[in-house]
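Just below is one structure, and these are the notes that go with it.
Here is how names work: the chains are called A, B, and so on, in the same order as the sequence lines, proteins then strands, and each is numbered from 1.
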Amino acid sequence: MAKQEQQFWLMKSEPDEASIDTLQAAGTLPWTGVRNYQARNFMRDTMRPGDGVLFYHSSCPEPGIAGLAEVCSGPYPDPTQFDPDSPYFDPKSPRDTPRWTLVDVRFIRKTPLISLADLRAHPGLEEMIVLRRGNRLSITPVTPAEWRIITRELMPRA
DNA sequence: GCCAACGTTGGC
DNA sequence: GCCAACGTTGGC
């Protein structure tokens, strides 16, 4: 069987809810709460264990990449869609054909914050989806070239 | 708090 | 299937 190529992603999280420190403390976290079909489809159809993840802090005083993680499970139903006490409860999601799917993410390491300004200023990152005007997608693919630039040139040590 | 961008909903 | 209204995201 041919070895699958590693893929790369940027995943946004609001640090008030789950920061890189939350992930570090937990070790792994289920990526709950995604309620956007495009982002769900990435988790359900495309992500694989071992894929690299740029952990991004959004909607906070210092938005930017705060650490590295990796996908560590296959897709499975997001349990919060069935929990009436959860803010992510979706009463329209059928039990037998759950609407929302997630993957687990494992902590690798924290990094000094790479701000949006840092990303915008760095050659080779101009096309990153997260930098596009009006972008709201919480999970976006990162190209191997972008991953290499970010992890090798913007993250000191290793 | 503002507001641009964009996804979703629902009437028709 | 169109599209206006509405809600949410997320940087600033």
Side-chain angles (χ1 to χ4, degrees), chain A residues 7-26 28-47 51-71 75-143 145-147 149-151 153-156:
Chain A
Q7 306 171 112
F8 306 102
W9 308 91
L10 182 145
M11 299 176 81
K12 294 182 188 173
S13 181
E14 300 189 15
D16 283 351
E17 194 170 351
S19 70
I20 190 70
D21 294 319
T22 313
L23 183 63
Q24 180 170 28
T28 74
L29 285 175
W31 206 261
T32 55
V34 169
R35 296 295 179 268
N36 167 282
Y37 289 105
Q38 217 180 330
R40 177 206 66 180
N41 291 348
F42 284 137
M43 291 197 284
R44 189 189 62 184
D45 305 332
T46 315
M47 284 181 164
D51 282 359
V53 172
L54 302 170
F55 192 103
Y56 178 93
H57 286 172
S58 69
S59 293
C60 59
E62 290 187 304
I65 296 167
L68 287 178
E70 67 178 353
V71 176
Y76 64 98
D78 180 344
T80 64
Q81 70 195 303
F82 302 123
D83 177 3
D85 295 327
S86 167
Y88 303 121
F89 179 57
D90 182 354
K92 291 192 252 179
S93 179
R95 277 261 173 197
D96 48 350
T97 54
R99 180 177 295 187
W100 304 111
T101 298
L102 52 66
V103 298
D104 293 342
V105 169
R106 175 186 296 128
F107 176 81
I108 295 180
R109 66 181 172 95
K110 288 177 73 168
T111 65
L113 189 94
I114 303 172
S115 70
L116 284 174
D118 293 336
L119 293 172
R120 286 209 171 87
H122 202 87
L125 302 180
E126 298 85 357
E127 301 301 317
M128 284 191 77
I129 296 170
V130 75
L131 299 181
R132 282 188 200 156
R133 202 175 139 75
N135 162 71
R136 296 186 310 165
L137 195 55
S138 65
I139 299 177
T140 52
V142 172
T143 68
E146 290 162 349
W147 176 270
I149 290 170
I150 291 167
T151 56
E153 300 177 23
L154 290 176
M155 292 180 174

Please report the distance, rounded to the nearest Å, between [atom1] in [X] and [atom2] in [N].
{"X": "A:Leu10", "N": "C:dT9", "atom1": "CG", "atom2": "C1'", "value": "15 Å"}
{"X": "A:Asp16", "N": "C:dT9", "atom1": "CG", "atom2": "C1'", "value": "15 Å"}
{"X": "A:Ile129", "N": "C:dG10", "atom1": "CD1", "atom2": "C1'", "value": "17 Å"}
{"X": "A:Gln38", "N": "B:dC6", "atom1": "CD", "atom2": "C1'", "value": "11 Å"}
{"X": "A:Ile65", "N": "C:dG10", "atom1": "CD1", "atom2": "P", "value": "15 Å"}
{"X": "A:Tyr37", "N": "C:dT8", "atom1": "OH", "atom2": "P", "value": "15 Å"}
{"X": "A:Arg40", "N": "B:dG7", "atom1": "CZ", "atom2": "P", "value": "15 Å"}
{"X": "A:Asn135", "N": "C:dT9", "atom1": "CG", "atom2": "P", "value": "13 Å"}

Compute whether any side-chain donor of one residue and acceptor of the other, for A:Asp83 and A:Tyr88, lie under 3.5 angstrom apart.
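Per modelled atom types, A:Asp83 and A:Tyr88 side chains form no pair under 3.5 Å.
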Pair A:Gln81, A:Ser93: side-chain N/O donor-acceptor within cut-off below 3.5 Å
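Short answer, yes.
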Touch check for A:Arg120, heavy atoms < 4.0 angstrom, all strands: base, sugar-phosphate only, or nothing?
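Since only primed, P, OP1 and OP2 atoms lie under 4.0 Å of A:Arg120, the category is sugar-phosphate.
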Which residue, A:Arg40, A:Arg99, A:Arg35, forms the side-chain hydrogen bond (donor to acceptor under 3.5 Å, both in side chains) with A:Asp78?
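It is A:Arg35, the one option of A:Arg40, A:Arg99, A:Arg35 that forms the side-chain hydrogen bond (donor to acceptor under 3.5 Å, both in side chains) with A:Asp78.
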Reported CG-to-OG1 distance for the pair A:Leu23 and A:Thr28, which is rounded to 0.5 angstrom
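So the gap between those two atoms works out to 8.0 Å.
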C:dT9 OP1/OP2 closer than 4.0 Å to side-chain N/O of A:Lys12:
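It does not, given that no N or O in the side chain of A:Lys12 lies less than 4.0 Å from OP1 or OP2 of C:dT9.
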Under 4.0 angstrom between A:Tyr56 side-chain N/O and C:dT9 OP1 or OP2:
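So the side-chain polar atoms of A:Tyr56 never come under 4.0 Å of the phosphate oxygens OP1 or OP2 of C:dT9.
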Nearest to the A:Arg133 side chain among B:dA4, C:dG10, B:dG7, which nucleotide is it?
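Out of B:dA4, C:dG10, B:dG7, the nucleotide with an atom closest to A:Arg133's side chain is B:dA4.
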